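None of the values given here were measured: they were computed from a predicted structure. Quick note on labels: first sequence line is chain A, next is B, and so on, each numbered from 1.
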Amino acid sequence: MRSSHPAVTVTSTLLYHLVLLSVTVLMLTPFWWMTLTAFKGPGEANVYPPQLLPDHLDLGSFRQVFTAFHFPRYFANTILVSVSATLGGLLVASMAAYAFARLRFPGRDTIFFLYLGTMMIPGYVTIIPAFLVIRWLGMMDNLAALVVTHLATPFGTFLLRQYFLTIPMELEDASRIDGCSRWGFYVRILLPLSTPAVATLGLFAFMGNWNSFLWPLLVLSSERNFTLQIGLSNFAMEQFSMTNTLMAGTFLSVLPLMVLFFLTQKQFVKGIILSGLKG
Amino acid sequence: MSLFIWDYLTPVKPFVGLDNYANLLGSAEFWTSLRTTVFFAAGVVPLGLLSGISLALLVDRRVRGIGLYRAAFFSPVVTSGVAVSLIWRWLLDTEFGLVNYALNAIGIPSVPWLNDPATAPLAIIFLTAWHAAGSNMVIFLAGLQSIPQEYYEAARVDGAGRLRLFFSITLPLLRPTTIFVLLMSTIGALQVFDSIYVMTKGGPMGATQTVVYMLYRHAFEWYEMGFASAIAYVLFAVIFVLTLIQWRFTGRNLEIY
């Protein structure tokens, strides 16, 4: 870390904090405004001049989120999809990584590089064929379609493979001598050892699935299958003036990830640096 | 599973050869969308780079509570594109939005942000940059912290001032990081979708229709899958070439310290 300048003064520190605070205000105002709007009663949003500081906290909008907005259903769907896709994805990625790192079969490395190569293909190129396949499989409007299509993660497999390669063969050999099967080694030794990498991947997979929009938009058509993002977008389009309720719904949909983020900051930062992807 | 599935849908039933491409390249809609897309990237990428570096510089201190500030700056990244768009749509509301209220407070008349073809793209550019600033910051922070302190100390001994340190040491050593962020930002900026769908639907009057959004409409609103596939491939080619250009243009300056 940079050491402090020898001639640091009280004023310069104060100035620094002032700058930090103003930037924070700029960055966080949208969230504060959303929260404020969410805690106003329904219908109180459309006033001018806008009320900057609350004189009372009204939970009416949140009540509407549960009645008019069907939040519980969307939330359940989203949780179901996100958890399944994340766990499934981790399973697939780690098993594939193990295969690519440890097993020996013809064409192994070629397949691996091809698999990685698919990372270069942007999402929108495959989205039309994927859509047609899902339709052909009769899985339209099915939450399973959201999970299944996100099980294969080349980046995850790549990362885990690199990680697995650093774990010495002796460990596996020793466990085999003690009568452990390949699967046993995988479950009881390899996975626990790889917890940091797996956790980071899982975090990002979860976030990606929670926030995913385009794919659910294409696949889901009946309202009872909507995920949170689709539900929000739909609600915003249909109920044009229920701003408070919309903000309350948005607030609730953002909250879980925010909490998760604050609890696991280190992992997030590591993940960003590893992948360089914007979530 | 869905990774290896790419059908060559271009000559969709019936087989029309390269007609889809011909129609595409001849359509005004495509070129307008492309121009809009490039305009978005040209706005988002520099803004993202600047804000990323600035934020990183700002939080690269061992000050009490700095972790909180870093978390605060990063939090927009965790929010979904839909949530970000809805919040900003509300902020930019012409009548009741906070932004216009703040402008009015300093004497500037209200701007119809999302309803004016001239300002709608700017709004999207700004909120996309806002959304991504945090992750850029994290990457730049990592880059900043990988610069050995000895360089700064040696330069200070030679009498270099703050500004000189920044321009002669920090910036050059951040070049690989900057290039990385530049490449990733460009690729991301050219594929913005969620905000456009939620906020403007490509309007007003097509002012915010990007190529990806055009693809969406042709594929999933009009079911012209063949045509849309052509769009996909052309866009892919464009992004590929652009990335290659950026890579060539900046790659030769990469040095490993």
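The closest side-chain heavy-atom distance from Val63(B) to His17(A) is below 4.5 Å. Residues Leu246(A) and Trp90(B) fail the side-chain proximity criterion, which asks for heavy atoms closer than 4.5 Å. For the pair Leu68(B) and Thr24(A), the minimum side-chain heavy-atom distance is 4.5 Å or more. In this structure, Tyr216(B) and Leu218(A) have side chains that are in contact, with non-hydrogen atoms separated by less than 4.5 Å. Inter-residue side-chain proximity for Thr243(A) and Phe96(B) is flagged as unmet; no heavy-atom pair is nearer than 4.5 Å. Two residues are said to be in side-chain contact when any heavy atoms from C-beta on lie closer than 4.5 Å; Gln265(A) and Phe74(B) fail this criterion.
No other option in Leu232(A), Val92(A), Val19(A) has as many heavy-atom pairs under 4.5 Å with chain B as Leu232(A). In terms of non-hydrogen atom pairs under 4.5 Å with chain A, the most contact-rich of Asp93(B), Ile87(B), Val84(B) is Ile87(B). Contact tally against chain B (heavy-atom pairs below 4.5 Å) for Trp210(A), Phe131(A), Phe251(A): the top residue is Phe131(A). Comparing Ala71(B), Ala105(B), Gly134(B) by heavy-atom pairs within less than 4.5 Å of chain A, the highest count is held by Ala71(B). In terms of heavy-atom pairs under 4.5 Å with chain B, the best-connected choice from Val254(A), Leu228(A), Leu214(A) is Leu214(A). In terms of non-hydrogen atom pairs under 4.5 Å with chain A, the most contact-rich of Leu98(B), Ile187(B), Val138(B), Val212(B) is Leu98(B).
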Inset, instruction - Tell me, with the steps shown, if Phe31(A) and Thr79(B) meet side chain to side chain contact (heavy atoms under 4.5 Å, CB included). - result: CA-CA 10 Å; Phe31(A) 292 127; Thr79(B) 328; 3.3 Å; yes
Inset, instruction - Just do the side chain to side chain contact (heavy atoms under 4.5 Å, CB included) check on Leu86(B) and Phe235(A) with the steps written out, would you? - result: CA-CA 11 Å; Leu86(B) 289 174; Phe235(A) 189 77; over 6 Å; no
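When heavy atoms are compared at a cutoff of 4.5 Å, Tyr124(A) approaches chain B by way of both its backbone and its side chain. The contact between Ile66(B) and chain A is made entirely by side chain atoms (from C-beta outward), counting heavy-atom distances below 4.5 Å. Within the 4.5 angstrom heavy-atom criterion, atoms from both the backbone and the side chain of Phe73(B) approach chain A. Looking at Val99(B), neither its backbone nor its side chain comes within 4.5 Å of chain A, counting heavy atoms on both sides. Heavy-atom distances place the side chain of Met237(A), and not its backbone, under 4.5 Å from chain B. For a residue to count as touching a neighbouring chain, one of its non-hydrogen atoms must lie under 4.5 Å from one of that chain's; by this rule Phe220(B) touches chain A with the side chain only. With a 4.5 Å cut-off on non-hydrogen atoms, Leu260(A) does not touch chain B at all. Heavy-atom distances place both the backbone and the side chain of Met258(A) under 4.5 Å from chain B. Contact annotation for Leu235(B): both backbone and side-chain heavy atoms come within less than 4.5 Å of a heavy atom of chain A. For a residue to count as touching a neighbouring chain, one of its non-hydrogen atoms must lie under 4.5 Å from one of that chain's; by this rule Ala133(B) touches chain A with the side chain only. The part of Thr37(A) that comes within reach of chain B is its side chain, from C-beta onward, which places non-hydrogen atoms under 4.5 angstrom from that chain. Heavy-atom distances place both the backbone and the side chain of Leu20(A) under 4.5 Å from chain B. Looking at Leu55(B), only its side chain comes within 4.5 Å of chain A, counting heavy atoms on both sides.
Atom CE of Met137(B) sits about 7.5 Å away from atom CE of Met27(A), to the nearest 0.5 Å. Atom OG of Ser80(B) sits about 9.0 Å away from atom CZ of Phe213(A), to the nearest 0.5 Å. Rounding to the nearest 0.5 Å gives a distance of 10.0 Å between OG of Ser85(B) and CD of Gln229(A). The CD1 atom of Ile231(B) lies 7.5 Å from the CD1 atom of Ile128(A); values are rounded to the nearest 0.5 Å. Taken from OG in Ser229(B) to CG in Leu132(A), the straight-line distance is 8.0 Å, to the nearest 0.5 Å.
The side chain to side chain donor-acceptor pair (under 3.5 Å) check on Gln191(B) picks up nothing, with sequence neighbours excluded. Residues satisfying the salt bridge (Lys or Arg N to Asp or Glu O under 4.0 Å) test with Arg89(B), not counting sequence neighbours, are none.
The number of heavy-atom neighbours closer than 6.0 Å to CH2 of Trp136(A), taken from other residues, nucleotides and ligands shown, is 12 or below.
Summarising the geometry of Ala83(B) relative to Thr250(A), their closest heavy-atom pair is CB-CG2, 3.6 Å, with the distance given to 0.1 Å. Nearest heavy atoms, Pro30(A) versus Trp88(B): CG-CZ2, 3.7 Å.
Side-chain N or O atoms of Tyr16(A) include one that pairs as donor or acceptor with a backbone N or O of Leu58(B) at under 3.5 Å. Checking side-chain atoms of Asn211(A) against main-chain N and O of Val78(B) turns up a donor-acceptor pair under 3.5 Å.
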